[in-house]
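One-based numbering, in listed order, for ligands and for the atoms of each. Because only heavy atoms are used, hydrogens play no part in the values below, and waters and symmetry mates are left out as well, while side chains stay in. This chain uses plain numbering: 1 for the first residue, then up along the sequence.
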Amino acid sequence: MPGVGDDATDEYAVARAGMVEHQLRRRGLRDRRVLEAMGRVPRHLFVPEAVRHVAYDDRPLPIADGQTISQPYIVAVMIELAGVTSRSRVLEIGTGSGYAAAVLAAVAGEVVSIERHPGLAAAARAALEATGVRNVAVFVGDGTRGFPDRAPFDAIIATAAGPRIPSSWAEQLVQGGRIVAPVERDDGHQELVRAVVSAGTVREEVALPVAFVPLIGADGFPDPPARRAQTSRTGPASMGTRNNE
Ligand code: SAM
């Protein structure tokens, strides 16, 4: 993907190189292929024009449909935790802008990505095509059910936080497959969980605290109106202010 929309002297390329050095390398990210991919994928071509000038800042940014493109650091951490290699088949739940799918595509063999908002899926497909990404298939649907038609996967990465890891995800992994997903606990805090599936058991470990938009679907949270009513009854966890990935 080098040369897409910029060159080495371009201000975006400079900002991207700074992002890799300061936000990723110096925070301990070590997977050479992930760092190279983050250094190549033109994040500014996946964000709305109004925020393009801050595309390489150390934070998530708003996209359409009230959703977000995740902070670059979180994108890199999730791919590194998922142990993605050039032979991996990866399922991403929550295509959003298509940016993480593009980074994954540079590291993995094949990527299937599901998005519940049709408009976001269409825009992501267009951005992936415009940036020359060929090994990502974007589908519209409820990713809480996984994507049985294309299973099994070596890794599943979810970019929205549900109340648990859906059992269908583990069923759609190869032995030794990894799930990396934010999970929202009963008190409203979220944790990034890495789960390894082997011999019929799922071993979960917590990687770090996070704050993602909600995973909405059959095995996730209910649609926003119902969820808003629910969260306002149960306490201070307000979706609007708390979720930022
Ligand atoms: N990976 C994205 C990127 O690089 O821009 C970030 C996505 S954003 C943090 C999370 C996305 O998950 C949103 O676009 C949201 O619509 C989507 N989402 C939430 N629940 C979903 C579900 N059940 N199935 C598919 N997508 C879902």
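Residues Asp58 and Arg27 have side chains in contact (heavy-atom distance under 4.5 Å, counting atoms from C-beta outward). Proximity of Asp142 to Arg116: side-chain heavy atoms (C-beta onward) are nowhere separated by under 4.5 Å. Side chains of Val90 and Asp154 form no contact here, defined as non-hydrogen atoms less than 4.5 Å apart. Within the 4.5 Å cutoff, side-chain heavy atoms of Pro72 are placed close to those of Met38. A 4.5 Å side-chain heavy-atom check between Phe46 and Leu128 finds at least one atom pair inside the cut-off.
Listed by atom number, the atoms of ligand 1 under 4.0 Å from Gly143 heavy atoms are 22 (C), 23 (N), 24 (N), 25 (C). Here is the list of ligand 1 atoms found below 4.0 Å of a heavy atom in Thr68: 5 (O), 6 (C), 7 (C), 8 (S), 9 (C). Using a 4.0 Å cut-off to heavy atoms of Ala160, the atoms of ligand 1 that qualify are 12 (O), 19 (C). Within ligand 1, the atoms closer than 4.0 Å to a non-hydrogen atom of Ile69 are 5 (O), numbered from 1 in the order shown. Close approach of ligand 1 to Thr144 (heavy-atom distance below 4.0 Å) involves ligand atoms 23 (N). Here is the list of ligand 1 atoms found below 4.0 Å of a heavy atom in Gly141: 24 (N), 25 (C). The ligand atoms of ligand 1 that sit less than 4.0 angstrom from a heavy atom of Ser97 are 3 (C), 4 (O), 5 (O). Under a 4.0 Å criterion applied to the non-hydrogen atoms of Ala100, ligand 1 contributes the atoms 1 (N), 4 (O).
Among all non-hydrogen protein atoms, the one lying nearest atom 21 (C) of ligand 1 is Arg116 CD, 3.5 Å. For atom 23 (N) of ligand 1, the closest heavy atom belonging to the protein is Ile216 O, 2.7 Å. Of all protein heavy atoms, the one lying nearest to atom 17 (C) of ligand 1 is Glu115 OE1, 3.4 Å. Of the protein's non-hydrogen atoms, Thr159 O, 3.2 Å is the one closest to atom 10 (C) of ligand 1. Gly94 CA, 3.2 Å is the protein heavy atom nearest to atom 12 (O) of ligand 1. Looking from atom 2 (C) of ligand 1 to the surrounding protein, the closest heavy atom is Thr95 O, 3.3 Å.
Residue contacts with ligand 1, taken as heavy atom pairs separated by less than 4.0 Å, involve Gln67 solely via side-chain atoms from C-beta onward. Contacts between Val213 and ligand 1 below 4.0 angstrom, taking non-hydrogen atoms only, involve the side chain exclusively. Here His117 has side-chain heavy atoms under 4.0 Å from ligand 1, and that is the only part of it that gets that close. The part of Leu120 lying near ligand 1 is the side chain, judged by heavy-atom distances below 4.0 Å. By the criterion of a heavy-atom distance under 4.0 Å, the backbone of Pro214, and not its side chain, is placed next to ligand 1.
One distance of note links CZ of Arg194 with CD of Glu80; it measures 10.5 Å at 0.5 Å rounding. Atoms OG1 and CH2, on Thr144 and Trp169 in that order, are 7.5 Å from each other to the nearest 0.5 Å.
Residue contact annotation: Val103 has no non-hydrogen atom under 4.0 Å from ligand 1. Using a 4.0 Å cutoff on heavy atoms, Gly220 does not count as a contact of ligand 1.
The side chain to side chain contact (heavy atoms under 4.5 Å, CB included) with Met78 is formed by just one residue from the set Ile74, Leu81, Val75; it is Ile74. Exactly one residue among Arg43, His22, His44 makes a side-chain hydrogen bond (donor to acceptor under 3.5 Å, both in side chains) with Tyr56. That residue is His44. The side chain to side chain contact (heavy atoms under 4.5 Å, CB included) test with Ser97 singles out one residue from Leu61, Thr68, Ile69, and that residue is Ile69.
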Let me have the donor-acceptor pairs involving side chains of residues 155-166, under 3.5 Å, with sequence neighbours excluded, atom names and distances please.
unit_1: Thr159; atom_1: OG1; unit_2: Ile93; atom_2: O; d: 3.1
unit_1: Thr159; atom_1: OG1; unit_2: Gly94; atom_2: O; d: 2.8
unit_1: Arg164; atom_1: NH1; unit_2: Asp219; atom_2: O; d: 3.4
unit_1: Arg164; atom_1: NH1; unit_2: Asp219; atom_2: OD1; d: 2.4

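Under a 4.0 Å N-O distance rule, the pair Asp57/Arg59 qualifies as a salt bridge.
A donor-acceptor pair is defined here as one N or O able to donate and one able to accept, closer than 3.5 Å; no such pair exists between the side chain of Glu115 and the backbone of Ala122.
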